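A short write-up of the structure that comes next.
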Amino acid sequence: MIAAVDVDYRDPSAVAALVLFSDWPDPAPAREVTATVSAVKPYQPGMFFERELPCIEAVLRAAGVTPDALVVDGYAWLAPGRPGLGAHVHQALGGRVPVVGVAKTPFASAAGAVPVLRGQSLRPLWVSAAGVDVNDAAAAVRSMHGPYRVPTLLQRVDRLCRDAP
């Protein structure tokens, strides 16, 4: 199974959401899970992973699965040798789970990120990866279901965490 995760912050708490699906082009999730994290660290520039990683770990525990691949909202690498959220998640999972970072905005130093155009959008998604070739990750994101810039299941996980009570 492939999992996509996202987090909605409601300081001082957060809701993490996860959607599971069998294959990259799947139009609908096989399963959805949310987890509430009662206390999260405040945002600190350059240290976003310290805030997001515990939430991702919580929703993975709640789901009770180790996915074959994990998609995060953000970058795997912020610059060569400078890990982003995806690389930190990859490391936290013991390097066993490939992590694909999908960012909606460019990050100047993320030179290894691959731009992916989808639908009619002229603005790319920025795909980076830890534990898998970035070009393979970009092809997987390109193949995801949906006619819009952001794939259907990434829209779904975003909505799931925002709409959770």
Side-chain angles (χ1 to χ4, degrees), residues 1-8 16-35 48-49 52-53 55-162:
M1 294 297 273
I2 303 163
V5 294
D6 205 351
V7 180
D8 181 50
L18 174 143
V19 296
L20 288 165
F21 48 105
S22 297
D23 197 11
W24 291 99
D26 285 357
R31 185 170 162 220
E32 299 179 340
V33 179
T34 60
F48 179 64
F49 73 94
E52 188 107 344
L53 182 57
C55 300
I56 292 171
E57 291 172 327
V59 77
L60 284 169
R61 276 191 308 275
V65 298
T66 300
D68 298 316
L70 182 68
V71 181
V72 298
D73 181 13
Y75 283 90
W77 295 96
L78 300 176
R82 184 172 168 214
L85 174 63
H88 285 287
V89 172
H90 180 67
Q91 181 181 15
L93 296 174
R96 295 180 310 274
V97 178
V99 177
V100 176
V102 178
K104 295 173 200 78
T105 56
F107 191 76
S109 64
V114 173
V116 172
L117 289 171
R118 289 181 36 89
Q120 300 300 313
S121 180
L122 299 177
R123 293 182 317 150
L125 295 171
W126 297 94
V127 176
S128 55
V132 64
D133 181 82
V134 69
N135 292 308
D136 293 340
V141 171
R142 195 174 291 111
S143 76
M144 291 181 80
H145 180 270
Y148 303 112
R149 176 179 180 237
V150 177
T152 302
L153 294 179
L154 300 187
Q155 290 177 15
R156 177 62 195 144
V157 74
D158 174 73
R159 190 80 268 147
L160 186 61
C161 65
R162 290 175 191 260

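Numbers here simply count residues along the sequence, with the first being 1. Below, all heavy atoms of this structure are taken into account, side chains as well, without hydrogens, waters or symmetry copies. Note that the structure is predicted; figures quoted are calculated from it, not measured.
Checked by atom type and distance alone, the side chain of Tyr75 never pairs as donor or acceptor with a backbone atom of Ala110 at under 3.5 Å. Listed for the Arg118 side chain is no donor-acceptor partner under 3.5 Å among the backbone atoms of Pro147. Between the side chain of Asp68 and the backbone N or O of Ile2 there is no donor-acceptor pair closer than 3.5 Å. Listed for the Thr152 side chain is a donor-acceptor partner under 3.5 Å among the backbone atoms of His145. The main-chain N or O of Leu78 is found under 3.5 Å from a side-chain atom of Ser109 such that the two form a donor-acceptor pair. Looking only at distances, no side-chain donor or acceptor of Asp23 sits under 3.5 Å from a matching main-chain atom of Asp26. Proximity of a side-chain donor or acceptor of Arg123 to a complementary backbone N or O of Leu117 within less than 3.5 Å is not detected. Side-chain atoms of Ser121 do not come within 3.5 Å of backbone N or O of Arg149 as any donor-acceptor pair.
Once rounded to the nearest 0.5 Å, the distance linking CD of Gln120 with OH of Tyr148 reads 10.5 Å. Atom OG in Ser143 sits 7.5 Å away from atom CH2 in Trp24 (nearest 0.5 Å). Of the inter-residue distances, the one linking Met1 atom CE with Leu18 atom CG reads 9.5 Å to the nearest 0.5 angstrom. Remark: Arg159 CZ to Leu154 CG distance equals 14.0 Å, nearest 0.5 Å. Atom CG in Asp73 sits 9.0 Å away from atom CD1 in Ile56 (nearest 0.5 Å).
Considering all non-hydrogen atoms of both residues, Val134 and Ser128 come closest at CG2-CA, 3.7 Å. Between Leu60 and Pro67, the shortest heavy-atom contact is CD2-CD, 4.0 Å. Across Ala113 and Pro115, no two heavy atoms sit closer than the pair O-CD, 3.8 Å. Across every non-hydrogen atom of Gly86 and Ala130, the tightest pair is O-CB, 4.2 Å.
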Q: For Val33 and Arg31, run side-chain contact (heavy atoms from CB on, under 4.5 Å): C-alpha distance rounded to whole Å, both residues' side-chain angles, the deciding distance at 0.1 Å, then the answer.
A: CA-CA 7 Å; Val33 179; Arg31 185 170 162 220; 3.8 Å; yes

Q: List the steps, then state whether side-chain contact (heavy atoms from CB on, under 4.5 Å) holds for Val100 with Leu70.
A: CA-CA 6 Å; Val100 176; Leu70 182 68; over 6 Å; no

Q: Take Trp126 and Thr105, measure what side-chain contact (heavy atoms from CB on, under 4.5 Å) needs, and give me the verdict at the end.
A: CA-CA 7 Å; Trp126 297 94; Thr105 56; 5.8 Å; no

Q: For side-chain contact (heavy atoms from CB on, under 4.5 Å), just list the numbers for Val72 and Val99, CA-CA rounded to whole Å, side-chain angles, deciding distance to a tenth of an Å, and then say yes or no.
A: CA-CA 7 Å; Val72 298; Val99 177; 4.0 Å; yes

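Of the candidates Leu125, Val116, Val157, Leu125 is the only one forming a side-chain contact (heavy atoms from CB on, under 4.5 Å) with Pro151.
With respect to the salt-bridge test (charged N to carboxylate O, under 4.0 angstrom), the residues Arg162 and Asp6 do not qualify.
Counting non-hydrogen atoms of other residues, nucleotides and ligands closer than 6.0 Å to CD of Glu32 gives a total above 12.
Ring planes of His88 and Phe49: parallel class, angle under 30° (limits at 30 and 60°).
For the pair Val19 and Leu160, the minimum side-chain heavy-atom distance is below 4.5 Å.
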